[in-house]
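Here's the structure we're looking at; comments come further down.
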Amino acid sequence: MQKSESHRGVQMRNKLTDNCDLRTSSSAQVKHGTTVQQSKSSSSTSSPESARKLHPRPSDKLNPKTINPFGEQSRAPSAFAAIYSKGGIPCRLVHGSVKHRLQWECPPEKLPFDPLLITLAEGLRETKHPYTFVSKEGFRELLLVTGAPEKAVPLLPRLIPVLKAALVHVDDEVFERGLNALVQLSVVVGPSLNDHLKHLLTSLSKRLRDKKFKEPITTALQKLEQHGGSGSLIIIKSKIPTYCSICC
């Protein structure tokens, strides 16, 4: 009987010892995990990059990070910029001491208007130098060559949507370039523009609500009437009833 009780006591002590060992082992694992986690946290916060994030240097504000040109944020060049960089526009910008000018590879009058005039019109929507200057000045100079009316009139169905895209652009400078180009085109093609005029007047009507554009748009409409004749006045009044004719 005593042997049985003694044997049972030994078993209980062994169980208690095993349980104690398990708790000790588990506690050690928890402590080890905590220590590792604290070590990682300490090493991450102690790194130079983390330190800069937590305590930014004054120079960081003066020298912000530049965008990686090879990253996802870099934007592909526009169609006009791509054509220009490949030599598809037969002229180059010449930086003068007073003002810039274009240098053509050959006399502009020898160049085909299709598709050059349309490409230059598409460039009016550019917002970066030198594309802004090349497109607006190239468009203007091309329309000044001998025989420009005969070359430009057949292109009107393709030119008008491109000019409209410039006139509805959110950038004010793009709109102004589009407006000037429209006036330049009306000087060359005259009444031939009337059949397409209605597609552009809605955009001008909306911009008239902006006080800073009221005068340049009114002047442009007067030029359109002057070169488009009486037929243009009817079209302008139908879209912009408040317009006052130059004949008034």
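- Taking 4.5 Å as the limit, every side-chain heavy atom of D210 sits out of range of all side-chain heavy atoms of I217.
- Within a 6.0 Å sphere centred on CD of E109, heavy atoms belonging to other residues, nucleotides or ligands number more than 12.
- Taking each heavy atom of V168 and R207 in turn, the nearest pair found is C-NH2, 4.4 Å.
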* Step by step, work out the side chain to side chain contact (heavy atoms under 4.5 Å, CB included) result for F133 and L102. => CA-CA 9 Å; F133 182 84; L102 291 182; 4.0 Å; yes
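- Relative to the six-membered ring of Y131, R125 misses at least one condition, a distance below 6.0 Å or an angle of at most 45° to the axis.
- In this structure, L224 and S232 have side chains that are not in contact, with every pair of non-hydrogen atoms separated by 4.5 Å or more.
- Counting all heavy atoms, side chain and backbone alike, E150 lies closest to G147 at OE1-O, 3.1 Å.
- In this structure, I236 is not a member of the same hydrophobic cluster as V187, with clusters built from ILVMFWY side-chain heavy atoms closer than 4.5 Å.
- The two residues V174 and E126 have their closest heavy-atom pair at CG2-O, 3.9 Å.
- Side chains of H227 and V183 form no contact here, defined as non-hydrogen atoms less than 4.5 Å apart.
- Within 6.0 Å of NZ in K223 there are 12 or fewer heavy atoms belonging to other residues, nucleotides or ligands.
- No donor-acceptor pair closer than 3.5 Å links the side chain of R177 to the backbone N or O of G123.
- In this structure, K237 contributes its side chain and Y243 its backbone to a donor-acceptor pair below 3.5 Å.
- When all heavy atoms are compared, the tightest approach of G178 to L167 is C-CD2, 3.7 Å.
- A distance of 12.5 Å separates CD1 of I246 from OG1 of T218, quoted to the nearest 0.5 Å.
- Ring geometry, H100 versus H129: the interplanar angle falls from 30° to 60°, so the pair is classed tilted.
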